[in-house]
Amino acid sequence: MRTLPDRLRAHGVVGAGGAGFPAYVKAQAEAEIVIVNAAECEPLLHKDKELLHHFQDRILDGLRQLMAEVGATRGIVAIKEKYTDRIAALREALEHEPNLEVVLLGDFYPAGDEFLTIYEATGRVVPPGGLPLDVGCIVSNVETLMNVSLDEPVTHKYLTVGGFVPHPVTVRAPIGISYAEVLTAVGVDLTAIGGVLEGGVMMGKLVSDLQAVITRTTGALLCFPEDHGLLRRYSVEKVTRDKIGKSACDQCSFCTELCPRYLLGHPVEPHLAMRGLEFNMVGDGMVLGSSFCCECNLCTLYACPEDLFPKDACADNKVMMRLKGLEHPAKGKPSKPHSMADYRHVPVASLMKKLDLVRFENTGPLVEVDWQPDQVAIPLKQHIGAPAVASVKLGAFVRAGEPIGAAPDGLGVAVHASIGGTVVAVGESIVIRRGL
Ligand code: SF4
Ligand code: SF4
């Protein structure tokens with residue numbers, strides 16, 4: 001019989017919250033606590049809440065399986081206190097399991113950042129540049145644990161379609177179909193929308209091509225009208241961002257004072273990264289803390305009164321630091337939360353107001369869609385690590401669920417067909433056309 005890590009690798013289970021980290025690696029570790037990250041703190045997202053509503057037993061089964069595998073003695077479901085019906089159902093289900101508990105999170109962003117989730121749920125602080133395992137924890141997303149429970153390959157992905165749409169919904173879509181097909185299937189008129197953010201309004205990406213495909217990490221497609229400010233913000237090129245930053249940043253430090261990682265005691269100071277734009281001080285110790293930025297985007301989309309881009313300044317620094325092999329001396333050292341850490345949470349309601357999201361319906365019930373794609377294009381790389389290795393040939397017939405890419409040597413997982421059909425292209429993606 002295969003062990004859980006082997007099964008997760010063969011079934012292609014990866015972090016479904018957006019990170020895409022292969023789940024088998026976490027299952028190979030030893031940890032004291034496994035935390036179910038049910039915070040879902042990105043505005044307009046409803047996928048995880050819907051999964052808990054419909055598949056709570058499977059998610060809890062995944063939690064128990066992972067706990068048993070890593071030797072954890074405590075399991076925590078970390079969920080926002082506003083989800084009262086889900087909390088009641090979870091507490092009832094866990095009533096007779098003293099090692100499993102529900103911990104309530106405030107309705108703030110980014111409560112789902114795993115370092116913050118750990119701090120809120122356990123009081124432990126992951127060191128800068130460290131891992132949850134450094135404090136005895138494993139954090140897993142709701143959908144990932146559901147996939148741990150289901151003893152089958154991952155061929156579909158749950159995602160919320162929301163924002164400027166007739167009816168926001170959560171759907172289970174075959175991996176490899178295009179964004180355009182998903183949007184059209186749920187009633188979105190592609191000619192009426194100005195743009196789409198994939199993943200979320202805070203940490204997502206502006207979609208440049210609606211023919212891009214659903215992968216194992218696609219959590220949301222959020223549509224916006226042409227004149228929406230978020231589309232403008234996401235469209236600004238680096239050269240313009242830097243130019244505006246150099247001239248308009250007044251070093252007020254609001255970006256740093258509200259930075260959740262800074263408040264956790266990590267030496268992330270985005271205002272210094274902005275100052276670095278002016279003086280190009282990468283490498284002299286002033287902006288090395290950027291490497292501890294989790295790219296939550298709070299500084300850029302909420303804190304900065306000038307609408308500048310401190311997150312991008314940090315992200316650019318991270319890249320340069322990697323290239324130069326630089327590290328902050330605080331990496332891996334214990335840190336202590338800021339005295340204001342518990343008082344500077346940014347409520348999601350305020351964030352939604354600031355981002356002009358209140359005008360959109362904030363729901364996303366799970367609905368069934370009868371998908372009939374003519375073809376799917378399934379990328380061999382949908383996860384952190386090396387791409388899967390194509391294991392089918394042009395012209396081969398594959399059934400839904402069959403492996404089409406084998407797990408590579410080193411970090412990586414297998415990839416599977418989401419529909420039955422004929423392989424018509426083998427490259428970075430395997431294209432399968434329905435029928436023989
Ligand atoms: S980037 Fe914005 S918030 Fe940060 S220091 Fe500059 S003006 Fe202030
Ligand atoms: S994106 Fe900004 S607020 Fe978020 S961790 Fe990075 S520096 Fe801090």
Side-chain angles (χ1 to χ4, degrees), residues 17-19 39 41-43 108-120 125-132 197 199-205 229-230 233-234 236 238 240-282 286-322 328 330-331 335 337-338 340-341 343-348 350-351 354-355:
C41 57
E42 278 262 5
F108 65 91
Y109 180 85
D113 167 49
E114 66 178 4
F115 286 19
L116 253 73
T117 312
I118 290 171
Y119 175 59
E120 296 292 321
V125 180
V126 179
L131 293 170
L197 289 175
V201 296
M202 297 301 290
M203 296 185 74
K205 286 193 292 279
L230 272 171
R233 294 279 274 156
Y234 273 96
V236 179
K238 174 174 163 45
T240 313
R241 284 198 309 258
D242 289 356
K243 216 188 264 179
I244 308 172
K246 276 181 212 262
S247 60
C249 175
D250 57 14
Q251 289 291 289
C252 69
S253 303
F254 283 5
C255 48
T256 294
E257 293 300 330
L258 279 180
C259 169
R261 290 288 178 102
Y262 168 78
L263 291 167
L264 209 50
H266 292 190
V268 188
E269 294 176 275
H271 75 285
L272 295 185
M274 292 300 284
R275 198 185 297 170
L277 286 179
E278 187 62 48
F279 299 108
N280 191 22
M281 288 193 271
V282 171
M286 280 207 70
V287 290
L288 296 185
S290 299
S291 60
F292 307 133
C293 161
C294 65
E295 303 190 23
C296 69
N297 226 353
L298 200 61
C299 50
T300 292
L301 292 180
Y302 186 84
C304 180
E306 312 287 348
D307 281 350
L308 304 180
F309 299 86
K311 186 272 274 182
D312 295 280
C314 288
D316 292 345
N317 272 314
K318 284 206 284 193
V319 174
M320 286 190 276
M321 284 177 63
R322 252 195 313 270
H328 193 289
K331 186 171 178 197
S335 66
H338 192 286
M340 294 301 286
Y343 303 97
R344 288 204 193 136
H345 290 154
V346 171
V348 171
S350 305
L351 186 60
K354 162 101 183 178
L355 298 180

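What you see is a predicted model; the values in this text were computed from it and never measured. We count ligands from 1, going down the list as the structure has it; atoms in each ligand are counted the same way.
Between the choices Gly289, Cys259, Ala273, Pro110, the shortest heavy-atom distance to atom 8 (Fe) of ligand 2 belongs to Cys259. Nearest to atom 3 (S) of ligand 1 by heavy-atom distance, out of Ala303, Cys255, Ala313, is Cys255. Within the set Pro270, Ser290, Pro310, the minimum heavy-atom distance to atom 7 (S) of ligand 2 is found for Pro270.
In this structure, the side chain of His266 engages the main chain of Val126 through a donor-acceptor pair within 3.5 Å. Panel note: side chain Glu42, backbone Met203; a donor-acceptor pair is recorded below 3.5 Å. Looking at Arg233, its side chain does come within 3.5 Å of a backbone N or O of Leu308 through a donor-acceptor pair.
Taking a cutoff of 4.0 Å between a charged side-chain nitrogen and a carboxylate oxygen, Asp316 and Lys238 qualify as a salt bridge.
From the protein, the heavy atom lying nearest to atom 4 (Fe) of ligand 2 is Cys296 SG, 2.3 Å. At the top of the distance list for atom 1 (S) of ligand 1, counting protein heavy atoms only, stands Met274 CG, 3.5 Å. Summary of contacts: the protein heavy atom closest to atom 6 (Fe) of ligand 2 is Cys293 SG, 2.3 Å.
Taking each heavy atom of Leu258 and Arg344 in turn, the nearest pair found is CD2-O, 3.8 Å.
Metal site remark for atom 2 (Fe) of ligand 2: Cys299 contributes an N, O or S atom at a distance under 2.8 Å.
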Query raised in the report: Going through the checks in order, is the side chain to side chain donor-acceptor pair (under 3.5 Å) test met by Ser291 and His328?
Result: CA-CA 8 Å; Ser291 60; His328 193 289; over 6 Å; no
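Per-residue contacts place Cys304 under 4.0 angstrom from the following atoms of ligand 1 (heavy atoms of the residue considered): 1 (S), 2 (Fe), 3 (S), 7 (S). Residue contact check: Glu295 has heavy atoms under 4.0 Å from atoms 1 (S), 6 (Fe) of ligand 2. For ligand 1, the atoms closer than 4.0 angstrom to any heavy atom of Cys249 are 1 (S), 5 (S), 6 (Fe), 7 (S). Each of the atoms 1 (S), 4 (Fe) of ligand 2 lies under 4.0 Å from some heavy atom of Asn297. Contact atoms of ligand 1 toward Asp250: 7 (S), 8 (Fe) (distance under 4.0 Å to a heavy atom of the residue).
For Ser253, every heavy-atom contact with ligand 1 shorter than 4.0 Å involves the backbone, none the side chain.
Residue Cys294 places a heavy atom less than 4.0 Å from ligand 2.
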